[in-house]
Amino acid sequence: MVMKFQAPKGVSEYAPPRSLHFEVVRESLISAAVQAGYLLMELPVFEDTELFARGVGETTDVVTKEMYTFEDRGGRSITLRPEGTAGVMRAVIEHGLDRGQLPVKVWYSGAFFRAERPQAGRYRQFYQVGIEAIGLNDPEIDAEVIATADRSLKKLGLKDYRLEITSLGDSQSRKAHRVDLDKFIAGLDLDEATRTKAQVNPLRLFDDKRESVQKQMENAPLLLNYLSEESTAHFNAVQSLLQSFGIDFLINKRMVRGLDYYTGTTFEFIHEKLGAQSGIGGGGRYDGLMKQLGGADLSGIGYGMGVDRILLACQSEEIELAPLGKLDLFAIALGEEAKLKVAQIVNQLRNAGLTVDMAYGDRALKSAMKMADKSGAKFSLVLGADELQMESIAVKNMDSGESQSVTISSLEEFLRDS
RNA sequence: GUGGGCGUAGCUCAGCUGGUAGAGCACUCGGUUGUGGUCCGAGAUGUCGCGGGUUCGAGCCCCGUCGCUCACCCCA
């Protein structure tokens with residue numbers, strides 16, 4: 001018996017026709033970034049393990065139990081990237097961009113990896129499109145980043161999502177809050193596991209789904225009330241900018257982010273029709289990260305949008321994702337002689353930059369026309385013995401069903417103009 | 001790592017209290033001479049996830065195993 005292979009557990013992969021929808025979503029996310037002046041940063045999918053440990057945070061769940069880590073042949077510890085920001089920082093530093101004109105604005109797109117138990121919208125290999133703006137600590141750039149994320153969703157026609165924002169303040173604000181929060185939690189009635197969780201990151205308890213915990217956390221001290229004057233002013237400025245852009249948002253005083261590097265403005269896009277994994281994108285400021293990784297002491301802000309989840313969101317809203325490119329022409333040959341000619345014409349049109357496909361083999365005309373129909377081509381042409389002699393072909397408009405006669409030499413021009 | 005659900009044609013699934021398998025979609029061909037989208041007809045396809053057990057007999061019952069899936073956790 002032959003072994004049957006299947007994709008590794010929990011990976012997201014897309015075969016036609018769904019891959020076309022995936023492509024539309026990804027391209028839409030990318031174009032929003034490009035529109036806002038961000039430039040491509042193409043990165044490796046694996047990095048030195050230490051980069052993520054230091055960048056994302058030694059105690060985070062991502063680093064402690066969700067990374068794909070292995071040793072390469074030179075004995076180096078390598079990790080498949082679980083997120084994008086650390087790699088971007090590394091590359092910015094490595095290429096000296098942090099010493100050039102600021103802000104550095106880059107976008108990236110690709111696969112990320114986390115060794116988690118798969119579930120709806122959560123995969124071990126998943127796709128993100130993200131941007132990072134480095135070297136400018138101005139509310140203006142915060143608002144730009146959030147607006148760009150929002151635009152990338154709106155471009156697709158998404159409606160049933162909400163934007164939640166908060167500010168995690170500067171490190172002093174967080175320290176003061178942490179002291180009080182720890183004190184508060186010490187007085188709660190919690191089980192052992194929850195207590196350990198709170199020791200690693202007490203903010204986590206705000207996110208706990210159990211009602212017993214929620215109830216106890218109702219009067220917990222909120223970080224937002226501990227913000228310094230400066231942080232508050234910054235956060236207020238971001239809010240007024242968003243309002244002036246006409247972007248709706250909610251302030252979530254209990255927002256929790258899983259990565260340690262976040263500071264100040266933090267945000268999340270949540271889709272209302274998805275399952276438990278409803279976060280379709282998120283991001284925030286990470287003002288100490290660059291320095292932490294050995295670069296200049298620059299602030300930064302960025303986001304990561306989940307392509308897989310956004311595709312699911314589009315489906316849940318029944319949004320029609322029109323395929324990007326359509327065929328300009330679908331060509332059909334009748335008879336041996338005509339085949340050569342059609343192959344030649346098709347090749348020539350492709351060289352000229354047109355998008356063309358054809359029927360192969362000896363298909364009945366009816367069946368070939370069905371293929372033409374399904375291909376979504378704008379025009380079809382049938383070339384047989386008659387046309388070979390006449391040098392002119394009937395080109396059929398697949399929408400109207402009407403045909404018109406075009407000479408072979410003017411075919412390219414005809415397709416280009418219609 | 002912890003729970004629940006499910007594994008029958010390429011896809012979505014049906015199969016009553018056990019008697020060796022079906023539907024829709026998709027696919028291929030056709031409805032006479034070289035033109036699709038509707039309609040009609042015909043056809044192909046399954047070791048019923050795998051292994052064992054009970055039984056005269058198992059897709060249906062029992063055990064195991066693998067896989068998928070949803071949720072906890074976590075997050076895109």
Side-chain angles (χ1 to χ4, degrees), chain A residues 1 4-12 15 17-18 25-26 29 56 60-67 81-85 109-130 149 153 193-194 196-197 200-201 204 207-210 255-259 268-271 274-283 302-313 330-335 338 359 361 363-377 379-387 393-403:
Chain A
M1 184 168 145
K4 205 172 177 182
F5 290 109
Q6 54 179 305
K9 189 184 182 75
V11 303
S12 65
R18 199 148 177 263
V25 170
R26 183 177 57 195
L29 299 177
V56 178
T60 56
D61 281 16
V62 168
V63 170
T64 56
K65 49 191 193 197
E66 293 169 6
M67 297 204 303
R81 59 183 182 187
E83 60 92 53
T85 305
S109 162
F112 294 85
F113 309 84
R114 285 184 203 168
E116 300 180 274
R117 199 72 174 258
Q119 124 187 29
R122 188 173 73 186
Y123 309 101
R124 291 183 170 180
Q125 172 174 327
F126 57 97
Y127 294 85
Q128 266 185 248
V129 171
L153 298 175
T194 313
T196 331
K197 181 164 112 170
V200 176
N201 182 359
R204 281 285 158 71
D207 220 18
D208 201 300
K209 289 183 184 172
R210 289 169 297 181
M255 189 192 296
V256 181
R257 305 246 67 210
L259 312 179
E268 223 166 47
F269 290 88
I270 295 158
H271 197 268
L274 294 183
Q277 309 303 323
S278 55
I280 53 177
Y303 65 66
M305 304 300 283
V307 184
D308 310 275
R309 288 186 186 175
I310 292 170
L311 174 57
L312 290 171
F330 190 93
I332 299 165
L334 290 176
R363 230 165 227 284
L365 179 58
K366 176 169 181 161
S367 147
M369 281 306 293
K370 280 190 176 176
M371 286 186 75
D373 187 37
K374 269 181 290 195
S375 76
F379 292 95
S380 69
L381 75 73
V382 177
L383 196 150
D386 299 351
E387 287 81 359
I393 322 174
V395 177
K396 181 168 181 174
N397 181 319
M398 295 302 281
D399 285 331
S400 67
E402 281 162 22
S403 294

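Here is the naming used below: chain letters follow the sequence lines, and residue numbers restart at 1 for every chain.
- For the salt bridge (Lys or Arg N to Asp or Glu O under 4.0 Å) test, no residue two or more places apart in sequence or in another chain qualifies with Glu83(A).
- Considering only residues two or more places apart in sequence or on other chains, Tyr303(A) meets the ring-ring contact (aromatic ring centres under 6.0 Å, His included) condition with none of them.
- Taking atom C1' on both rA23(B) and rG18(B), the two are 23 Å apart, rounded to the nearest angstrom.
- Residues meeting the side-chain hydrogen bond (donor to acceptor under 3.5 Å, both in side chains) test with Ser367(A), sequence neighbours left out: Arg363(A).
- Residue Arg204(A) places at least one side-chain N or O closer than 4.0 Å to OP1 or OP2 of rC75(B).
- Every residue two or more places apart in sequence or in another chain that forms a salt bridge (Lys or Arg N to Asp or Glu O under 4.0 Å) with Asp208(A) is listed here: Lys197(A), Arg210(A).
- Residues passing the side chain to side chain contact (heavy atoms under 4.5 Å, CB included) test with Asp207(A), sequence neighbours excluded: Val256(A).
- Among residue pairs with one or both ends in residues 365-374 of chain A, none qualify as salt bridge (Lys or Arg N to Asp or Glu O under 4.0 Å); sequence neighbours excluded.
- Rounded to whole Å, the distance from CD1 on Ile310(A) to P on rC75(B) is 18 Å.
- With rounding to whole Å, Tyr127(A) atom OH is found 13 Å from rA76(B) atom C1'.
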Interface polar pairs with nucleotides 64-68 of chain B, N/O, under 3.5 angstrom:
residue : atom : partner : partner atom : Å
rC68(B) : OP2  : Lys9(A) : NZ           : 3.0

Quick tally for nucleotides 32-42 of chain B: nucleotides whose base has a protein heavy atom under 4.0 Å get B, sugar-phosphate-only ones S, the rest -, giving --BBBB-----
Where does RNA chain B pair, written as one dot-bracket string 5' to 3', with Watson-Crick or G-U pairs under 3.5 Å, ( ) inside the strand, [ ] for crossing pairs and | for another strand?
(((((((..((((........)))).(((((.......))))).....(((((.......))))))))))))....
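- Between Gln119(A) and rA71(B) there is a side-chain N or O to OP1 or OP2 distance below 4.0 Å.
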What pairs of nitrogen or oxygen atoms, one from the protein and one from nucleotides 2-4 of chain B, lie under 3.5 Å apart?
residue : atom : partner   : partner atom : Å
rU2(B)  : O4   : Arg117(A) : NH1          : 2.6

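- Contact check, Arg124(A) against rA76(B): no side-chain N or O comes under 4.0 Å of OP1 or OP2.
- Annotation: side chain to side chain contact (heavy atoms under 4.5 Å, CB included) contacts of Ser400(A) (sequence neighbours excluded): Asn397(A), Glu402(A).
- The aromatic ring of Phe112(A) does not sit over the base of rA76(B), since the test of centres under 5.5 Å and planes under 30° is not met.
- We find that CZ of Arg363(A) is positioned 11 Å from C1' of rC29(B), with the value rounded to whole Å.
- Contacts of Glu116(A) classified as salt bridge (Lys or Arg N to Asp or Glu O under 4.0 Å), with partners at least two apart in sequence or in another chain: Arg122(A).
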